[in-house]
Amino acid sequence: MAQRYWLMKSDPDTFGLKHLKRSRDQTTCWDGVRNYSARNLLRDQIQKGDAVLFYHSQLKPPEVVATAMVVRAGYPDPTQFNPKEPYFDSESARDAPRWYAVDIQLDAELANPVTLSRIKETPGLENMVLVRRSRLSVQPVTSEEWKIILRLGR
DNA sequence: GCCAACGTTGGC
DNA sequence: GCCAACGTTGGC
């Protein structure tokens with residue numbers, strides 16, 4: 001099976017690279033996604049073994065900081081059922097979960113984080129979803145885009 | 001099923 | 001902190 005590539009955004013104040021590095025086995029549940037397009041990717045497309053660009057949004061500057069690996073494919077996001085969670089969704093039923101999560105494990109930190117402005121000015125990256133449809137928090141990346149980003153990040 | 005109002009994301 | 005883009009909700 002062809003390996004596939006994704007980009008996942010995180011707010012470093014909430015859960016960034018430093019949190020991922022401190023997590024057990026440097027693995028975390030990628031939960032809290034509450035957007036249907038992103039949900040569909042988590043539920044239907046993203047497979048164990050797929051590779052992930054770990055992106056810090058909302059910061060100065062926003063940038064790709066690391067690569068990660070999907071270690072568990074889509075499963076119901078546990079936070080949707082917990083009333084104590086900010087991501088609790090009272091409308092979601094256990095036998096018909098609305099939201100999904102995957103588990104990802106840190107692979108490698110980029111020696112040189114690749115900023116959004118660099119991505120925007122690099123030929124071959126102009127069609128990245130990150131550039132064209134910036135709000136999607138989980139998005140597909142082509143193998144060509146993956147190679148270019150990793151080269152820039154070395 | 002349309003679309004206005006509203007809420008959120010995220011770059012700047 | 002502002003605000004543009006755009007996703008979601010809900011009245012009709």
Side-chain angles (χ1 to χ4, degrees), chain A residues 4-23 28-46 50-70 73-104 106-142 144-154:
Chain A
R4 292 182 302 175
Y5 304 93
W6 310 95
L7 181 146
M8 297 189 189
K9 290 182 189 172
S10 76
D11 172 0
D13 290 337
T14 309
F15 191 97
L17 179 58
K18 70 172 189 229
H19 302 91
L20 181 59
K21 287 167 83 172
R22 282 203 302 263
S23 302
T28 191
C29 173
W30 201 254
D31 59 21
V33 172
R34 296 293 181 267
N35 166 284
Y36 287 104
S37 305
R39 186 281 309 270
N40 292 344
L41 295 176
L42 292 170
R43 185 187 60 189
D44 305 331
Q45 300 291 324
I46 301 181
D50 286 356
V52 174
L53 294 172
F54 194 89
Y55 177 85
H56 280 168
S57 63
Q58 334 239 53
L59 226 54
K60 32 73 188 170
E63 58 192 6
V64 177
V65 292
T67 57
M69 171 91 70
V70 176
Y75 61 97
D77 179 345
T79 64
Q80 70 193 301
F81 303 123
N82 183 350
K84 295 199 176 72
E85 280 282 345
Y87 294 120
F88 176 63
D89 182 350
S90 60
E91 311 268 297
S92 185
R94 284 189 183 271
D95 58 358
R98 180 178 290 179
W99 307 112
Y100 281 72
V102 299
D103 288 354
I104 64 168
L106 178 64
D107 177 22
E109 224 173 314
L110 295 186
N112 294 295
V114 181
T115 63
L116 178 60
S117 59
R118 193 150 180 230
I119 287 172
K120 284 179 171 170
E121 70 194 23
T122 300
L125 299 181
E126 53 279 298
N127 288 321
M128 280 190 78
V129 180
L130 189 65
V131 176
R132 302 188 71 99
R133 194 181 155 208
S134 68
R135 290 186 59 203
L136 194 60
S137 64
V138 177
Q139 48 182 260
V141 171
T142 69
E144 290 75 18
E145 290 162 352
W146 174 271
K147 281 182 216 147
I148 294 171
I149 299 266
L150 285 212
R151 193 179 330 122
L152 294 174
R154 274 201 303 252

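Here the structure is a predicted model, which is why all the values come from computation and not from measurement. Numbered from 1 within each chain, the chains take letters A, B, ... in sequence-line order.
Atom CZ of A:R39 is separated from atom C1' of B:dT8 by 18 Å (rounded to the nearest Å). Here B:dG10 presents its P atom at 18 Å from CZ of A:R132, a figure rounded to the nearest Å. In this structure, A:R98 atom CZ and C:dT8 atom C1' are separated by 11 Å, rounded to whole Å. Counting to the nearest Å, the P atom of C:dC6 and the CZ atom of A:R135 are 8 Å from each other. Between the CG atom of A:D89 and the C1' atom of C:dT8 there is a distance of 13 Å, given to the nearest Å. The distance from atom CG of A:L130 to atom P of C:dC6 is 14 Å, rounded to the nearest whole Å. One atom, CD of A:Q139, and another, P of B:dG10, lie 9 Å apart when rounded to the nearest Å. A:L59 places its CG atom 10 Å from the P atom of B:dG11, with the value rounded to the nearest Å.
Each of A:V138, A:V70, A:D107 was evaluated against A:V52; a single residue qualifies, A:V70, per the side-chain contact (heavy atoms from CB on, under 4.5 Å) test.
Applying the side chain to side chain contact (heavy atoms under 4.5 Å, CB included) rule to A:D11 yields the partners A:D13, A:T14, A:Q58; only residues at least two apart in sequence or on another chain are considered. For A:W99, the side chain to side chain donor-acceptor pair (under 3.5 Å) partners two or more places apart in sequence, or in a different chain, are A:D89.
For A:T67 (side chain) and A:A108 (main-chain N/O), a donor-acceptor pair under 3.5 Å exists by modelled atom type.
A:N40 has its side chain out of reach of A:Q45: every pair of non-hydrogen atoms, C-beta onward, lies at least 4.5 Å apart.
Under 4.0 angstrom from either OP1 or OP2 of B:dT9 there lies no side-chain N or O belonging to A:R133.
Of the residues in residues 29-37 of chain A, those lying under 4.0 Å from DNA chain C by heavy-atom distance are A:N35, A:Y36.
Contact check on A:D77 versus A:R34 returns a salt bridge, with a Lys/Arg side-chain nitrogen under 4.0 Å from an Asp/Glu carboxylate oxygen.
Listed candidates were C:dG7, B:dG11, B:dG10. Nearest to the side chain of A:K9 is B:dG10.
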